[in-house]
Amino acid sequence: MTLFSELGLSAKVLQAVEAAGYTEPTPIQAQAIPHALEGKDVLGIAQTGTGKTASFVLPMITRLERGRARARMPRTLILEPTRELAAQVEENFNKYGVNSKLSVALLIGGVSFEEQDRKLQRGVDVLIATPGRLLDHFERGKLLLTGVDILVIDEADRMLDMGFIPDIERICKLIPFTRQTLFFSATMPPEITRLADQFLHTPVRVEVARASSTATTVEQKLLGVSKKDYEKRAALRDLIRDQVNLKNGIIFCNRKRDVSDLFRSLDRHGFSVGALHGDMDQRSRMAMLAGFKENKIQLLVASDVAARGLDIPDVSHVFNFDVPIHAEDYVHRIGRTGRAGRSGAAFTLVAKPDMKYLEAIEKLITREIDWLEPIPESSSDDDDTDRRRGRKDRGEKRGKRGKEARDEAPRSEPEATATAEPEEQTEKRAAKPPRKSEPRKSESRGDRDRKGRRNRDDDGPAPVGFGEEIPAFMMNGL
Ligand code: ADP
Ligand code: MG
């Protein structure tokens with residue numbers, strides 16, 4: 001067993017870790033921290049909820065204890081795909097940095113520039129940002145990145161995805177070539193690894209579990225459903241009511257408007273429910289998340305904006321109202337439960353047209369998921385309606401990503417092939433002008449995924465995460 005004290009962390013950091021109640025490092029922490037402290041580039045892969053954040057935050061704080069920040073020249077930079085995740089990483093700095101007096105600034109969209117500017121002016125040790133807002137500050141001449149010694153890209157495969165990659169490439173050109181770069185994720189498709197290599201210099205690859213293995217603490221189940229939305233919603237309600245251990249849950253939909261529809265439907269049926277997606281204003285997003293964390297809302301209906309990284313320790317259930325189109329998203333969505341050694345349950349509703357996506361998921365995670373109930377036989381009746389819907393949806397134009405909306409999640413919602421929608425909804429949508437925040441098309445990501453899956457035939461070792469057995473300390477008092 002490795003101890004935190006053997007990793008080379010500073011005394012102040014060790015005290016903070018102890019105060020946080022951690023008795024031993026998780027495998028990714030034990031393996032990545034020494035390399036990070038030596039200044040090496042690291043590509044760290046470990047399952048969801050296994051402490052990747054501290055794997056970069058702790059060595060960063062240790063290294064930052066020497067030296068001082070200068071005005072407008074941050075010393076380190078962390079990039080995150082969503083505002084909520086960036087805010088969460090800031091909380092991690094507050095927790096682990098209590099003894100270290102570091103200045104931390106959060107640059108995220110949806111909130112005012114002034115406060116962020118003031119902090120930059122005073123000089124920051126750690127800048128945590130979503131890419132678009134960071135570039136906005138840069139373009140306003142308020143920020144210099146030439147002093148950045150350490151660059152962290154969290155959720156790295158998502159950040160190198162096509163929506164983000166132009167911003168990432170630009171940001172990386174503004175940072176000295178001699179910097180240290182750290183990449184972390186639970187998933188890392190081979191084609192993204194190749195891309196990652198362009199940003200890393202002779203990295204140490206620390207892989208405590210095969211990339212894309214699901215957390216061992218999450219019990220996964222499939223529920224066959226009709227593809228008709230109202231029947232799916234009824235099936236979801238029954239499923240939720242059947243759960244004896246439901247403390248709270250996140251319900252993922254593939255599309256933002258389905259998030260709103262399902263939210264309203266569950267609300268009408270008397271569930272304690274909130275909604276979270278990328279088109280909501282930042283204040284509502286924060287309020288929803290806070291309400292969920294504080295148990296004021298039991299169920300949170302969300303888009304994939306909530307799929308990555310969010311660490312809400314006690315989420316007991318994840319429900320996929322839709323099978324995710326990108327197989328990696330499945331790993332991240334269900335990874336919102338079963339964190340830090342706790343147990344969790346993940347249910348995925350599967351209709352006939354979703355089978356191809358399910359197959360891709362099972363191939364990615366290299367395991368078959370058990371069925372609670374098979375897909376009902378009668379569910380093929382509505383094929384004709386679905387074809388009509390599909391045609392309408394294909395007619396819908398997608399707008400270019402606007403500059404002001406670019407700070408996060410520039411990924412298209414899937415085309416309407418996965419789930420059926422009520423006809424009138426589709427009409428309304430098609431009549432709407434393209435939204436500025438609507439991201440680019442996802443075709444090439446889809447292609448890449450398919451290619452990636454072909455490449456994923458060699459499996460590597462079995463998943464470990466927190467180790468074969470969950471250490472007792474993770475189970476106690478959590
Ligand atoms: P990941 O990024 O791998 O998904 P996080 O960094 O969000 O995971 O950590 C998941 C949870 O595990 C957090 O609530 C964190 O406080 C907790 N945690 C991290 N390291 C340890 C540790 N060494 N011992 C116990 N809990 C830990
Ligand atoms: Mg994380």
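It should be emphasised that the depicted structure is a prediction, and the values quoted were computed from it without experimental measurement. In each ligand, atom 1 is the first atom listed, and ligand 1 is the first ligand listed. Quick note: residue numbers are just sequence positions, from 1.
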Go through ligand 1 atom by atom and flag the ones less than 4.0 Å from a non-hydrogen atom of [X].
| X | result |
| --- | --- |
| Lys95 | 16 (O) |
| Thr50 | 1 (P), 3 (O), 8 (O) |
| Thr53 | 2 (O), 5 (P), 6 (O), 7 (O) |
| Glu24 | 22 (C), 23 (N), 24 (N) |
| Gln47 | 3 (O) |
| Thr48 | 4 (O) |
| Phe4 | 23 (N) |
| Arg339 | 1 (P), 4 (O), 5 (P), 7 (O), 8 (O), 10 (C) |

- Task: Report the relative orientation of the aromatic rings in Phe347 and Phe319; use parallel for angles under 30°, tilted for 30 to 60°, perpendicular for over 60°.
- Result: parallel
- If the plane angle is over 60° it's perpendicular, under 30° parallel, otherwise tilted; pick one for Phe184 and Phe56. tilted
- Query: Pick one: which of Thr50, Thr217, Asp311 meets side chain to side chain donor-acceptor pair (under 3.5 Å) with Arg339?
  - Reply: Asp311
- Query: N/O of Asp311 under 3.5 Å from N/O of ligand 1, yes or no?
  - Reply: yes
- Please say whether Lys52 places an N or O atom under 3.5 Å from an N or O atom belonging to ligand 1. yes
Looking at [Y], is its backbone amide N or carbonyl O close enough to the side chain of [X] to form a donor-acceptor pair, meaning the two atoms are under 3.5 Å apart?
| X | Y | value |
| --- | --- | --- |
| Gln47 | Ala209 | no |
| Thr76 | Asp125 | yes |
| Arg210 | Ile365 | yes |

- Query: Is Pro313 in contact with ligand 1, taking contact as a heavy-atom separation below 4.0 Å?
  - Reply: no
- Strictly under 4.0 Å, does any heavy atom of Phe184 approach an atom of ligand 1? no
For [X], I'd like to know if atom [atom1] has over 12 heavy atoms of other residues, nucleotides or ligands within 6.0 Å.
| X | atom1 | result |
| --- | --- | --- |
| Phe271 | CZ | yes |
| Glu169 | CD | yes |
| Glu6 | CD | yes |

- Task: Pick one of side chain, backbone, both or neither for how Arg308 approaches ligand 1, counting any non-hydrogen atom pair under 4.0 Å.
- Result: neither
- Query: ligand 1 versus Gln29, non-hydrogen atoms closer than 4.0 Å: side chain, backbone, both, neither?
  - Reply: side chain
- Between Thr53 and Asn92, a side-chain donor and acceptor under 3.5 Å: no
- Nearest option to atom 12 (O) of ligand 1, as decided by whichever heavy atom of Ala215, Ala340, Gly341 sits closest: Ala340
- Query: Which of the listed options, Gly44, Gly49, Ala30, holds the heavy atom that is closest to atom 4 (O) of ligand 1?
  - Reply: Gly49
